[in-house]
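This one's a predicted model, so the numbers in the text were calculated from it and none came from an experiment. Residue numbers begin at 1 in each chain, while the letters A, B, ... track the order of the sequences.
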Amino acid sequence: MAEFVVGEDGIKRYLVSITVNGIKYTKVVKANSLLVNFLREDLNLTGTKRACEQGDCGACTVLLDGKPVNSCMVLTVSVDGREVTTVEGLASNDKLDILQEKFIEHSAPQCGFCAPGILMSAKALLMKNPNPTEYEVREAIAGNLCRCTGYVHYVEAILDAAAASQERKDGKNG
Amino acid sequence: MYLPDFEYFTPDSVEEACQLLSKYGPKAMAIAGGTDIVVKMKKEVLAPEILVSIGHLPELKKIEYVPGKGVVIGAGVTHNEVQNSKILQEKYLSVCEAAHQMANNQVRNLGTIGGNISNAVPSADMPPILIALDTTVKIVGSKKERTLPLEDVFKGPNQTVLEHDELITEFVIPDGSFTGSTYLKFGLRASGALAVVGVAASVQMDGGVIKDARIVLGAVSPVPLRAKEAENLLKGKQASEELFEEAGVIASGECRPISDIRASAEYRRDMVRVFTRRALLKAVNEGHV
Ligand SMILES: Cc1cc2nc3c(=O)[nH]c(=O)nc-3n(C[C@H](O)[C@H](O)[C@H](O)COP(=O)(O)OP(=O)(O)OC[C@H]3O[C@@H](n4cnc5c(N)ncnc54)[C@H](O)[C@@H]3O)c2cc1C
Ligand code: FES
Ligand code: FES
């Protein structure tokens with residue numbers, strides 16, 4: 001049972017320990033804290049977006065233990081002891097992830113509001129399936145709605161990122 | 001959209017979860033993946049004062065084959081876990097295909113099979129195929145345990161026979177004699193759309209003759225509906241497209257659809273005809289359960 005304290009307002013608050021982008025945070029949250037708000041408001045990680053807030057649009061997509069989920073439907077208390085990756089966790093040592101590079105190269109996003117979510121869905125896909133077909137790419141981002149683009153450049157950028165990381169791997173091995 | 005305040009419990013077992021539900025009464029509710037209940041709380045359709053987490057319980061997470069019994073699926077298994085299960089892919093591919101047609105990838109990583117059944121929405125995608133395979137449900141409460149055919153669990157939209165302190169713990173798809181089955185979902189988009197009509201069919205073939213069949217309709221009555229007259233028509237007959245069309249016509253007479261934002265009742269009725277025919281053809285021809 002999660003540890004809790006009862007505040008002056010009589011409301012229980014729970015102690016959670018959550019690893020976000022490799023850093024372990026120990027925080028006290030109310031049961032009604034949603035993961036998307038915890039990330040944006042408590043950790044100031046505003047790369048994760050909030051739009052429909054009911055699981056339809058995917059703007060709030062993060063990886064929970066490596067799998068993409070809608071953080072607008074996840075209670076922060078339920079993530080105690082688990083690992084979250086947000087769009088801020090993709091780049092390492094100031095070097096962009098190959099997906100981010102390709103999104104720029106292909107001018108994939110327009111307004112960009114859907115981009116963090118699409119990046120996370122695409123990242124999850126490539127971790128599981130480094131060499132996806134176009135159909136698999138489309139299916140992986142089907143839970144990410146984009147109201148600006150027609151998804152065409154997104155799909156091309158993701159396929160290109162997959163090809164480029166295969167080449168880099170082959171290059172290293174050879 | 002913010003949620004109102006509530007208390008949250010993380011029990012260590014199903015038993016403890018049932019005791020908590022019993023102790024706190026109707027103001028407490030179970031939460032598995034949260035994809036239905038959190039949205040309902042945001043929309044103020046539900047306002048539980050206590051949520052009892054069950055999604056994390058390992059005892060609800062298994063998928064196993066027990067010889068002589070069948071495939072056992074824990075209620076806390078997510079739709080993507082169903083879809084990716086080697087055991088299910090081998091034994092009941094049609095169940096994996098139904099799970100794959102749900103929602104979108106993000107929701108399938110959270111939403112559970114137990115939640116899909118307990119939420120009891122008429123358009124839910126898992127009930128038709130599971131009923132078509134004669135699935136039974138194990139229900140555990142704070143005082144007693146019982147097993148029911150899944151078909152008997154639904155009472156109406158958002159209503160099941162579950163008592164307040166009861167949880168679904170597992171589903172059993174029994175070793176059966178079906179030779180083929182399928183679930184066809186007709187939605188307005190390929191992804192993230194609820195079913196306008198869902199039709200599951202299972203058949204037991206003896207050469208070209210249909211020995212037994214189930215047709216289960218989703219989204220066209222207050223609860224998932226067995227089209228029993230259409231099933232009866234099929235029994236003992238030689239399979240043919242004309243026969244399946246006739247079964248479709250009968251099934252469309254048996255359903256009780258409503259008109260809503262997704263489709264009119266008339267359209268749903270006609271789609272029941274079309275999708276019943278297609279589902280029977282697929283169940284007979286594709287040759288996997
Ligand atoms: C964007 C979106 C798209 C969707 N698309 C589809 C779709 O295409 N098809 C479809 O069928 N559904 C769809 N859904 C609905 C939902 O995702 C599923 O019904 C899901 O399976 C619910 O499971 P859950 O674990 O999230 O349930 P929860 O929200 O955790 O629980 C739902 C209800 O069931 C109760 N409950 C949960 N588990 C148990 C149990 N083991 N025993 C007793 N009671 C229990 C809870 O108390 C609650 O009342 C969609 C939802 C969203 C947000
Ligand atoms: S904000 Fe979470 S899915 Fe739209
Ligand atoms: S780029 Fe604007 S919503 Fe996708």
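- The nearest pair of heavy atoms linking M73(A) to T35(B) is CE-CG2, 3.8 Å.
- The two residues R50(A) and Y2(B) have their closest heavy-atom pair at NH1-OH, 3.8 Å.
- Atom NZ of K67(A) has 12 or fewer neighbouring heavy atoms from other residues, nucleotides or ligands inside a 6.0 Å radius.
- Most heavy-atom pairs under 4.5 Å with chain B, from the set D56(A), I11(A), V69(A): that is V69(A).
- For C57(A), no part sits under 4.5 Å from any heavy atom of chain B, backbone or side chain.
- For the pair Y8(B) (side chain) and V77(A) (backbone), a donor-acceptor distance under 3.5 Å is absent.
- To the nearest 0.5 Å, atoms OG (S121(A)) and CD (Q106(B)) are separated by 4.0 Å.
- Within 6.0 Å of CD in Q166(A) there are more than 12 heavy atoms belonging to other residues, nucleotides or ligands.
- Heavy atoms of S53(B) lying under 4.5 Å from chain A are absent altogether.
- In this structure a side-chain-to-backbone donor-acceptor pair under 3.5 Å is present from N32(A) to L3(B).
- For chain B, the nearby parts of S78(A) are the backbone and the side chain; heavy atoms of each come within less than 4.5 Å.
- Proximity to chain A (any heavy atom under 4.5 Å) is restricted, for I31(B), to the side chain, taken from C-beta onward.
- To the nearest 0.5 Å, atoms CD1 (I50(B)) and NZ (K12(A)) are separated by 7.5 Å.
- With a 4.5 Å cut-off on non-hydrogen atoms, I141(A) does not touch chain B at all.
- Put simply, of V107(B), L51(B), I37(B), the one with the most heavy-atom pairs under 4.5 Å next to chain A is V107(B).
- Close approach to chain A, defined as a heavy atom under 4.5 Å from one of its heavy atoms, is seen in H100(B), N104(B) of residues 91-104 of chain B, taken by number.
- Contact count versus chain B (heavy atoms, under 4.5 Å) is highest, among N37(A), L75(A), L64(A), for L75(A).
- Applying the 6.0 Å contact sphere to CD of E83(A) captures no more than 12 heavy atoms from other residues, nucleotides or ligands.
- Only the side chain of K30(A) comes within contact range of chain B, with heavy atoms under 4.5 Å apart.
- Within residues 38-47 of chain B, the residues that have a heavy atom under 4.5 Å from a heavy atom of chain A are V38(B), V39(B), K42(B), K43(B), listed by number.
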